[in-house]
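Notes to accompany the following structure.
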Amino acid sequence: MKSTGVVRRVDDLGRIVIPKEIRRTLRIRDGESLEIFVDREMIALKKFSKMSDMNEVSKQLVDIVNSVIGQNVFITDRDSFIAGSGSLKKEYLNKSISKTLEKIMKDRKTVVEHEPHVIELIEDNPEKYSYVICPVIMNGDAIGLVLIVSVQSVGQVEEKMADVVSKFLGKHIEE
């Protein structure tokens with residue numbers, strides 16, 4: 001573990017402030033949950049993601065969808081690609097999502113480009129794909145995305161599949 005050199009006092013209510021630079025670097029947003037770990041005299045904070053609890057299910061889902069429609073399929077949490085299947089898997093898996101994808105998630109609307117169109121899935125890496133990007137909604141909050149990406153075209157089958165997967169994940173996490 002790397003020291004930041006930052007020291008903070010605990011206030012009378014037991015609170016500490018995480019410096020803005022660290023929050024920005026780790027993409028910690030206002031109201032976001034952090035998981036607390038304790039090891040002897042050390043306290044560690046980790047961003048909490050309900051989507052991370054779905055890793056195994058997500059991996060199975062993307063593999064099944066890929067085998068049915070033959071397209072690249074990805075699932076993200078709020079920060080990174082957590083599951084992927086298809087020829088582009090290695091290029092995106094475990095990488096941070098772009099600001100473009102963050103905005104799509106924030107807007108909570110499905111975005112479709114039937115023919116190849118330039119998009120940044122990861123920051124500073126514009127690529128030309130056709131795609132369906134569908135937010136995963138849990139209790140009204142966008143917690144991730146389902147992406148179906150192709151170098152050729154996508155159609156209604158891909159749109160419906162992304163919608164089904166995103167709704168399944170959202171409902172499954174709510175329970």
Side-chain angles (χ1 to χ4, degrees), residues 26-36 46-123 125-175:
L26 297 178
R27 297 171 126 176
I28 297 172
R29 299 164 187 88
D30 291 348
E32 192 161 29
S33 298
L34 299 174
E35 194 169 4
I36 302 169
K46 180 182 178 214
K47 289 178 68 172
F48 180 73
S49 167
K50 292 221 180 227
M51 289 293 286
S52 295
D53 295 342
M54 298 291 295
N55 271 353
E56 286 308 310
V57 172
S58 296
K59 289 174 185 173
Q60 291 173 3
L61 272 171
V62 296
D63 286 342
I64 290 166
V65 172
N66 173 266
S67 71
V68 171
I69 64 172
Q71 302 284 24
N72 295 283
V73 183
F74 298 99
I75 296 174
T76 77
D77 61 12
R78 292 183 68 184
D79 298 304
S80 60
F81 289 83
I82 62 169
S85 189
S87 60
L88 299 173
K89 176 180 175 177
K90 290 181 183 176
E91 194 170 330
Y92 295 104
L93 193 58
N94 299 319
K95 300 219 173 120
S96 295
I97 66 172
S98 67
K99 289 185 180 14
T100 302
L101 292 182
E102 284 180 3
K103 183 179 180 337
I104 291 169
M105 192 181 320
K106 183 180 174 187
D107 292 345
R108 298 181 183 148
K109 292 198 166 97
T110 298
V111 176
V112 180
E113 281 293 340
H114 293 282
E115 296 302 321
H117 181 81
V118 175
I119 186 168
E120 282 188 3
L121 301 180
I122 55 178
E123 215 55 46
N125 187 27
E127 297 283 350
K128 199 168 186 178
Y129 299 125
S130 56
Y131 50 84
V132 178
I133 303 172
C134 196
V136 177
I137 308 292
M138 180 199 74
N139 297 327
D141 293 327
I143 59 168
L145 296 168
V146 174
L147 297 88
I148 298 179
V149 178
S150 177
V151 292
Q152 298 173 352
S153 61
V154 295
Q156 285 187 332
V157 170
E158 288 83 1
E159 286 182 59
K160 289 183 187 294
M161 194 65 78
D163 187 50
V164 166
V165 171
S166 70
K167 284 186 170 125
F168 171 81
L169 289 169
K171 291 275 187 210
H172 195 71
I173 294 169
E174 283 177 1
E175 295 174 357

Worksheet item: Which residue pairs pass the ring pair (Phe, Tyr, Trp, His ring centres under 6.0 Å) test when at least one of the two sits in residues 82-111, sequence neighbours left out?
Response: F74-Y92, F81-Y92
Discussion item. Strictly by ring pair (Phe, Tyr, Trp, His ring centres under 6.0 Å), give each pair with a member in residues 136-161 just once, sequence neighbours left out.
Written reply: none
All side chain to side chain donor-acceptor pair (under 3.5 Å) counterparts of [X], not counting sequence neighbours:
{"X": "D141", "value": "none"}
{"X": "H114", "value": "E159"}
{"X": "E158", "value": "Q71"}

Check whether [X] reaches the backbone of [Y] with its side chain - one donor and one acceptor, N or O, closer than 3.5 Å.
{"X": "S150", "Y": "S130", "result": "no"}
{"X": "S153", "Y": "E115", "result": "no"}
{"X": "S85", "Y": "V73", "result": "no"}

Are the side chains of [X] and [Y] in touch, meaning some heavy atoms are under 4.5 Å apart?
{"X": "T110", "Y": "P135", "result": "yes"}
{"X": "I137", "Y": "S166", "result": "no"}
{"X": "I119", "Y": "V111", "result": "no"}
{"X": "I148", "Y": "M161", "result": "yes"}
{"X": "V149", "Y": "E127", "result": "no"}
{"X": "H117", "Y": "Y131", "result": "yes"}
{"X": "Y129", "Y": "L88", "result": "yes"}
{"X": "N66", "Y": "K89", "result": "no"}

To the closest 0.5 Å, what do you measure between [atom1] ([X]) and [atom2] ([Y])?
{"X": "D79", "Y": "M105", "atom1": "CG", "atom2": "CE", "value": "7.5 Å"}
{"X": "I122", "Y": "S96", "atom1": "CD1", "atom2": "OG", "value": "9.0 Å"}
{"X": "E91", "Y": "N125", "atom1": "CD", "atom2": "CG", "value": "6.0 Å"}
{"X": "I75", "Y": "L169", "atom1": "CD1", "atom2": "CG", "value": "4.5 Å"}
{"X": "L101", "Y": "E123", "atom1": "CG", "atom2": "CD", "value": "9.0 Å"}

Fill in: Over all atoms of both residues, closest heavy-atom pair of E102 and I97
CG-CD1, 3.8 Å
Discussion item. Tell me the closest heavy-atom pair linking G170 and V136, and the distance in Å.
Written reply: N-CG1, 3.7 Å
Worksheet item: Sequence neighbours excluded, which residues qualify as salt bridge (Lys or Arg N to Asp or Glu O under 4.0 Å) partners of K103?
Response: D107
